[in-house]
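Below, read A as the first sequence line, B as the second, and so on, with proteins coming before strands; counting in each chain starts at 1.
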Amino acid sequence: MSAYFWLIPFFPGLSTLILVIFGRWLPKKYVSFQAPFAVFLSFLFGLSSFLSLPSTAAHHGEEFLSKTLFAWIYAGSFQVDFTLWFDPLTAIMVLVVTGVGFIIHVYSIGYMADDRSYTRYFSLLNLFTFAMLILVMAKNLVLMFVGWEGVGLCSYLLIGFWFEKHAAANAGKKAFIVNRIGDAAFILGIFFIILNLKTASFPEINQAIAEASLSPGLATLIALLLFVGATGKSAQIPLYVWLPDAMEGPTPVSALIHAATMVTAGVYMVTRLNHLFTFAPLASEVVALIGALTAVYAGTIALTQNDIKRVLAYSTISQIGYMFLGCGVGAYAAGMFHLYTHAFFKSLLFLAAGSVMHALSGELDMRKMGGLKKYLPLTYPTFLIGAITIAGVPFFSGFFSKDAILTQCFARGNYFLWALGLLGAIITAFYMFRLIFLTFHGEERFSQEVRHHLHESPPIMTGPLVVLAFFSVVSGYVGLPVVFGKNLNWFERFLEPVIKSHEEHHLTLNTEWMLIVASVAVALTGIAIAYWLYLKSPALPHQLVARFPGVYRLLVNKYYVDEIYNAAFVQPLVKGSEAIYYNFDLPVIDGAVNGSGRLMNFGGKLLSLLQSGQVRDYALVFLLGVAIILGLVVF
Amino acid sequence: MPPVAFFILSCLLFSLGGLAFIIKRDLITQFMAIEIMLNAANLALIAAAKFSGTLDAQIIVFFVITVAAAEAAVGLAIILLIYRQKKNIRSEEVNLLKG
Amino acid sequence: MAIFLFFLLAALSLAAVAGMIFSRHQAYNALLLAVSFTALGGIFALLDAPFIAAVQIIIYAGAIMVLFIFVIMMINLREPMPPLKKKWVYGLGAILIMVILVELFLVLRSIPGKNFAATAALGSVRSLGQMLFTRYLYPFEITSILIVAAIVGSLYLARRKEKD
Amino acid sequence: MTFLPLAGAILLIFIPKERKDIHRLFALFVSLLTFALSLFVFSAFDASRPEAQLIEKGMWLGYGINYHVGVDGLSLLLVLLTTFLFPVAVLSGWHYIDQRVKEYHIFLLFLETGILGVFVSLNLFLFYVFWEVMLIPMYFLIGLWGGPRRIYATIKFVLFTMLGSLLMLVAIFVLYSYYYKATGTYSFEIADLNRMVLLPGVQTWLFLAFALAFAIKVPMFPFHTWLPDAHVEAPTAGSVILAAVLLKMGVYGFLRLAIPLFPEAVARFTPLLMVLSLIGIIYGGMMALIQKDVKSLVAYSSVSHMGLIMLALFSLNQEAIQGSIIQMVNHGLSTGALFLIVGILYERAHTRLIKDYGGVSRQMPVLAAFFLVCLLSSLGLPGLNGFVGEILCLFGVFQANKVMAYLAVTTVILAAAYLLWMYQRVMHGPIVHDYVRSFRDLNLREIVYLAPVVVLMFWVGIFPNFFLRNTDASVQLLLRRVEEHRKVFVLKDKAVQPAIILPADYSQEVKQAASAVFSSNLTPEVKEAK
Amino acid sequence: MNQLASLLPLLIIIAAGLIILIMEAFGRGGSRLPHAALAVVALIGGLIYSFSFFGKNAGYFSGAYVLDDVAILLFAIFSLAGILVVLLSVTAMVEHDFNRGEVFALLLFAVAGLMIMASSQDLVVIFLGLETLSISSYVLAGLKKQDQKSSEAAIKYFLLGSLASAFLVLGLAFIYLQAQSLSLNEITHLSSADLASPVFLVGLCLVLIGFGFKVALVPFHMWTPDVYQGAPTPITAFFSTGPKAAGFVVLLRIFWPILRSELSPSSFPLILWILSALTMIVGNLVALRQKNVKRLLAYSSIAHAGYLTVAILSRDARGLIFYLLAYLFMNIGAFAILVALSSKGQEFHELDDFNGLSLRAPWLAASMSLFLFSLAGFPPTAGFLAKFYVFSQAVKQGLTSLVIVAVLASLVSVYYYLRVIVHMYMVKETPAQVAVKGDNPLLLLIVFFCVYGVLYLGLFPRAIIGLLQKAISSLSLL
């Protein structure tokens, strides 16, 4: 089966094709079967390929599964094949994508049951899976870019799924365009690589870097360009603005694309090119810094948001910041590890939030919730598990992965970044529990009508929640920190063939313990503050708001970044274009064209005045001609 | 007599004819002006014949006079036609066609 | 004698033309023109072209001008011309004519000032006739078509009523 | 093949005009037949040979004016594109064109002949004849079946285009006389003229004249104003052909004539032309952003896209030129398809203003899907055709000039911005206007002509090499030619002769030839260098 | 006898003219078809007969009559023009009040004048031919005796034409003064000092002015629009083709030897350059403003004179004759359409009368479009190839700047030609009562013949070009 690993992306791809072409005539039941099944098939193939991978680093340097399907673009030195491969890094991503993807497909059957565009939804979801699989399985940068853009497209389409809502259509467009800005840089990065290394294939790139055929300055430039692409896709500063708006899409989409998979593509890309980034330390530092800043920054915005999905969105941005922080400091495995755990718990949170919305007839505003604990007996605990995980409570997966990043940060001497990470952690814990408390605890603030319809979601939706909750809890145990014993970090060892080895940063066990304690403390503090503010004395937040109105307004308005971008880029572009159109294109360029025509006409008018009809005038012109011609001869 | 005198006279007559064509305002006199110009040209031809001592130019003048006669016949017929239509032969009023 | 005659005839022809320019009456114009043509005929005679001179006086000053006068009589315009509105046209015309005249004069400077070649009886009717019917037979025949065309044309135009 | 449509048009003349359907069917049949023939040409084409193939040659007027046609890697794809799009164009006007059906199809087929002729001509005279001939049917297509300002638009189109081509004609004369002076024989054969090396000063002027003609056709930045007008007013098929094929003639002209004939001048003007192209890219994008009319939006997007193609062309490297060729095909498909879709919308709403739509997706999901694919193809989404060309073009530009490439990449963003914004305003949002509710989704005919285009988009996007490989050898030859040409100037020191002729197989013999010709003029340094 | 035989083409035509006059004198009115038939037969006969002299290149009457191949080709052009115009007149004369046999006689005389002009190397003969033509033309312009416009055309043509003749005669005098001869053969063998003398140059200038008037070079063109508009349409068709061709051939015969580069007086190329450029520019610019198609075509014919002057300047006999031939078909074709658009003494030649013609008379409209495209110089029509030959030769002679002016001017011309097409095709029909003679078989035949000519010359002119090439080699023999 693993010989056919290259079929993995094509199951959902084929499914998309069928749904798009024949979707109209297919019964809903069939669609509900086909779409998840295709993903499941991919998952099975992925799993078998995964199992067939050499299990240890002993096979280091050996070729992984790789298949060139056909020569793709060949023009001069630009030679790119359509090649898929399957190495440990890909394996993890494939499993996450198909695994989580499958669960979300199943969930969607329930969530989207009543939507009129049911088939379209599933075809897009399948298409997304296809593109994402291409992204992670591509053996070269250009093909990866295909997937990269493909997922962007699906993101666009799914965010704008309910295109009749202006907000949704706008959000989709915004996502795509912002992504495109990153992509432009990404393309340039690709060009630099192809131009200088004559290849776009990952193993060859790594080899070329190992042979030091790239100057460090150039490497930095390339790395930074690619990272700009990553900030677009993974919603980091400064290109994160699309992600919160992306919540206009259906919630399972948010879970799959805007939490678990697509947005982490940037992290995947950086990890994939870790040789390059390691070779460009400055770029790595930028990555780490941006990651850390985003982690804190997005967290602060999440503090004040009232839209349940937006809180989660900012939380996603923040968590991806952590991943970049990990990658930036060189702890690629840790970054990937967080990606992997995050995929479970964040999709869990989103799906649970979706379940809440489902229960409340689509209500998103936390201020109109409260006390839902007793109405949603399954959603509540799963949501809680998700929150605990993300907050970094020990023995849940989030704890291990986040701690791995922070530890590595510390170990490599980046104390400032570590401190930022901790700050982010406390904020995370706080806003997650604020969310929990506002939603499930306290008084019931929803209207009577909503209460009337209030119900727990059907099993097809709660089932996935339970599964994801399970994974949220246990998935961390594949990468235990050193304190629990050596060689327990199976995850890191698994990725060793892919990640450039560098000198080990050993901390003493004591220090490690201290760090763990610190992060646990931070997490608990955050939870405690949330408890205090939102359950113990619910009036306090309002007082705080009253005390710091400026800060509050800044946070509620998301630092005014959308407005600033609008004023700094969008409006000048549109206004400038209009100015050019009305003041230059029409009057000057077009005017020159029409003007020359008018000039001709005017000349004709003048000359036709001569043609007065009077013989005498004709004779005069005649004589004038004679005079001139004779003059030319005589003089 | 220097030959140039004849040419000067010819040119003077020619120019006067041209001037008359411009100044006169009835068709028939304008036509007469042209006849003057033709005659001036004839004078130049005759003088040239004398100058070169060949006869050809005189024959040309003979032809030119013939042509002038023929033109006169046609031209006067056209002027008559105009007169019949307009009851005058003012040059200025022949201006239906212009622009 | 020849010089005197030349200046007399030249002055006469020029004066006649000038008079025509200033005269208002068409019949006078025609008469002045006839005078001018006759004077020119005299000059032709001075230039050893007796036959042409005769033709000039008989056909031009005689026949053609009679034709003119005939037409003028037919038309017999009495009412005077209304004054011309665009006076500057005269000025422009005069200037242009002057320019052309000056140009022609400048050209004439290059004619050598020597006397004419002394060939006696250059324009005798005999020699003319000989040339006309030998060397110039073809153009002479062409004039016949020309005249036919002119006759047909003027008949067509001047005929008052159509046959059908 | 070239004259098949013409023959069809002539036959059409004899079909009485009341039989509208027969005209339609017949025109469709003829254009399909032409397409089939071109497929045959495609299959018979040998990708490994760089020179022209499948040649037909015959005497025509003498004095170097021959009937000489053939295809090579530069023209093959464009020929295919043309023949492919004409049946589509015929279908697109099936019902919409209800008046003067007969003339419409006659002109359409006539146009096809003209365009194909331009692409296959190997004789400069023939090229020019077709180049001009094609204006006539286009003039009528816009003028007879166009929108309200059609007369203005069509006359502007013709005059503007002719301005360039007439000056080019003068340049052709000059070229012709130089060839005659250099060899004592007359020739309009492009292959012969290619062997002529002109002094740089002469090249400059001739190149400018050629470049003007082609730049207007493309259209490059300051010469673009005819395009929005022509597009807006033209009927759907006209817009499709105009955008998809006609504009390519300009690029093709550069590729076929201006660059190989005047490499030295090209080198001199490359900076200017590249800057203009670059301005075109950004300017076109910005203008497209704010257009209120869908068609003029797509038209300005063409300006932008063609700017990229030109930019790549003047990068003069293998990737860029292959990229620009494939990008021409892509632009033809995507923009052509966009105009088809706009036409479909127009048939339903009779308006082209963006604000008159909104929420169409709900009524026309199938259209929405097609629209989306075309849009994505246009903005260069990987997996679709646009990406392949765009990335090759950009890469080529990048190789030649990094700063240009940085700026040109903005097209990726701008294109997304204006296309998606337009899509959003037309297709998304709530239904504002009631008549939108009465829109019917695509009928079978519309699907039939859109589907092949879309399939081709995917095909080119996924298997671009199927097409790209045909261009490889010819582009290599072109670039080698340019290089060899320019080498002559290294050996040359202010030669007295304005033109020399290189031997046929000059790549091997260029040095001997040049030294033979210029031996007396060589400076000592150059001699030593040799 | 040999001379007489060679004169036969001319004699046939003149004789036919005289016979027509006799028929008219003794006929009883009614249809003039027999007259027309006779005229056509004579023209065809003369044409065929003259071709039997092709390749002989003989001169008679000591150069006064030269039946060289160029002359024979020009005979062909004149005969074709004559035939087409005779037939056109037949279709129009009854309704437009010139139903007289004299018309054909005068036309034949005019054609004879043209032939005399084109077949002579002697300026005297050329002058007489010109006058034969002119006198016939004055009458022809005024054929519509009841129509003030027609008479006005006649008087204007007459007055200005006589004025030009006066200048021409003065020019002859000056030339004679220097050269002592008016035979071109002798003139061209003058010493270069003689050729460069101011007297000779002025004479040449005046001759140029005289013929420039006939072919409507700016600034001697002022009569053209008025006369073209006022004259009956078939006659206008004749004016715009025949005299133009003859005038240019005469100019060619005069200037072909003189413009040889080593002999060329410095100012002459400049003068011709200026005249040519002015003619193209003025003709085209003023045409832009015209609302009357007949007048528009008049201005267009002025512009075409400019292009033809380019051929004179580049000594391109082949291009010139080809252009004249092409121009014959396209212009007569266009005027034939105008004839179709006039009925019962009324002419519907305003642009607005053309509105929607394509619906009323699709074939006529299509043919008109073809003629206009040809006039504008679009391939694959005769007009394109004509311009192509002329301009390419000019560039070869180093007249690139003039050619640039020419192409830009022709760009302007495209605008007004297209405007007519716009009215025919793209403007809605106005309710005005515009009668179209779309069913007159004779007219259709003429139109078809012109269409054929335009396309044949545009697509397969190899035979014609070969003929021309052979013919112009005769020019250098003389």
Side-chain angles (χ1 to χ4, degrees), chain B residues 1-9 11-20 22-26 28-29 31-33 35-36 39 42-43 46-47 49-53 55-56 58-59 61-63 65-74 76-81 83-84 88-90 92, chain C residues 2-3 6 10 13-14 17-18 20-21 26 29-30 33 36-37 40 43-44 47-49 52 55-56 59-60 63-64 67-68 71-72 74-75 77 81 84 89-90 93-94 97 100-101 104-105 108 111 113 116-117 119 122-123 127-128 131-132 136 139 143 146-147 150-151 153-154 157-158:
Chain B
M1 273 314 292
V4 78
F6 293 94
F7 290 105
I8 289 174
L9 175 63
C11 290
L12 272 174
L13 268 177
F14 195 85
S15 305
L16 274 178
L19 193 60
I22 300 287
I23 289 179
K24 301 314 281 187
R25 292 161 61 206
D26 57 319
I28 206 160
T29 320
F31 180 34
M32 286 185 219
E35 292 292 338
I36 295 170
N39 270 282
N42 278 348
L43 174 58
I46 300 274
K50 172 81 174 160
F51 183 74
S52 63
L55 254 183
D56 305 57
Q58 291 196 9
I59 298 203
V61 173
F62 177 71
F63 289 140
I65 291 175
T66 317
V67 165
E71 272 190 357
V74 171
L76 290 172
I78 296 174
I79 291 173
L80 267 180
L81 193 65
Y83 175 74
R84 279 198 206 127
N88 69 46
I89 48 168
R90 282 178 208 149
E92 282 110 61
Chain C
I3 292 175
F6 171 74
S13 64
L14 284 175
V17 171
M20 191 192 109
I21 290 178
Q26 285 149 353
N29 288 346
L33 202 61
S36 171
F37 287 170
L40 268 182
I43 293 178
F44 288 176
L47 283 167
D48 276 352
I52 300 296
V55 168
Q56 169 84 5
I59 295 183
Y60 236 129
I64 296 182
L67 202 61
F68 270 92
V71 171
I72 290 168
M74 270 176 77
I75 290 171
L77 284 175
M81 285 271 171
L84 184 68
V89 166
Y90 291 155
I97 292 292
I100 292 172
L101 191 61
L104 288 175
F105 281 167
L108 292 180
I111 296 176
F116 289 118
T119 37
L122 183 66
S127 50
L128 265 179
M131 276 185 89
L132 205 52
Y136 287 94
T143 52
L146 189 111
I147 289 166
I151 292 168
S154 42
L157 289 176

Is B/I36 close to C/L33 at the side-chain level, that is, under 4.5 Å between some pair of heavy atoms? yes

So, for C/S13 and B/L9, which heavy atoms are closest and what is the spacing to 0.1 Å? OG-CD1, 4.3 Å

4.5 Å side-chain heavy-atom contact, C/I72 and B/M32: yes

Most heavy-atom pairs under 4.5 Å with chain C, out of B/V74, B/N39, B/I22, belong to B/N39

If I measure from the heavy atoms of chain C, does B/L16 come under 4.5 Å with its side chain, its backbone, both, or neither? both

Less than 4.5 Å to any heavy atom of chain B: does that hold for the side chain of C/A30, its backbone, both, or neither? both

Gap separating the CD1 atom of B/I65 from the CZ atom of C/F37, nearest 0.5 angstrom: 10.0 Å

Would you mind telling me which of B/I79, B/L13, B/V61 has the largest number of heavy-atom pairs within less than 4.5 Å of chain C? B/L13

Just verifying a value: how many Å separate C/L104 CG and B/I8 CD1, rounded to the nearest 0.5 Å? 11.0 Å

What residue, out of C/P139, C/G153, C/G93, has the most heavy-atom pairs lying under 4.5 Å from chain B? C/P139

If we define contacts as heavy-atom pairs under 4.5 Å, which of C/I151, C/T143, C/L101, C/I43 has the most with chain B? C/L101

Nearest heavy-atom neighbours spanning B/R84 and C/L157: NH1-O, 3.8 Å

Let me know if B/L81 has heavy atoms under 4.5 Å from chain C in its side chain, its backbone, both or neither. side chain

Test item: C/I59 and B/T66 side chains (from C-beta on) under 4.5 Å apart, heavy atoms: no

Do the side chains of C/L47 and B/L43 get nearer than 4.5 Å, heavy atoms only? yes

Any side-chain heavy atom of C/I100 sitting closer than 4.5 Å to one from B/F14? no

Could you report the tightest heavy-atom contact between C/I64 and B/A68, atom names first, then the distance? CD1-C, 4.2 Å

Provide the closest heavy-atom pair for C/A94 versus B/L19 in the form atom of the first, atom of the second, distance. CA-CD1, 3.7 Å

Ignoring hydrogens and geometry beyond distance, is a side-chain donor-acceptor pair present between C/D48 and B/Q58 at under 3.5 Å? no

Under a 4.5 Å heavy-atom cut-off, does chain C meet the side chain of B/E35, its backbone, both or neither? both

Non-hydrogen atoms of C/M20 and B/A20 that approach each other most closely: CE-CB, 4.1 Å

Least distance between heavy atoms, C/S154 atom then B/A73 atom: CB-O, 3.6 Å

Please identify each residue that fulfils side chain to side chain contact (heavy atoms under 4.5 Å, CB included) with C/L132, with sequence neighbours left out. B/I59, B/F62, B/F63, C/Y136, C/F140

Highest number of heavy-atom pairs under 4.5 Å with chain B among C/L67, C/V55, C/I147 belongs to C/L67

Atom group of C/F68 that falls short of 4.5 Å from chain B, counting heavy atoms: both

With a 4.5 Å heavy-atom cut-off, do B/N42 and C/Y60 have their side chains touching? yes

With a 4.5 angstrom heavy-atom cut-off, which part of C/I21 approaches chain B: side chain, backbone, both or neither? both

If you measure from CG on B/L12 to CG on C/L14, what distance do you get to the nearest 0.5 Å? 5.5 Å

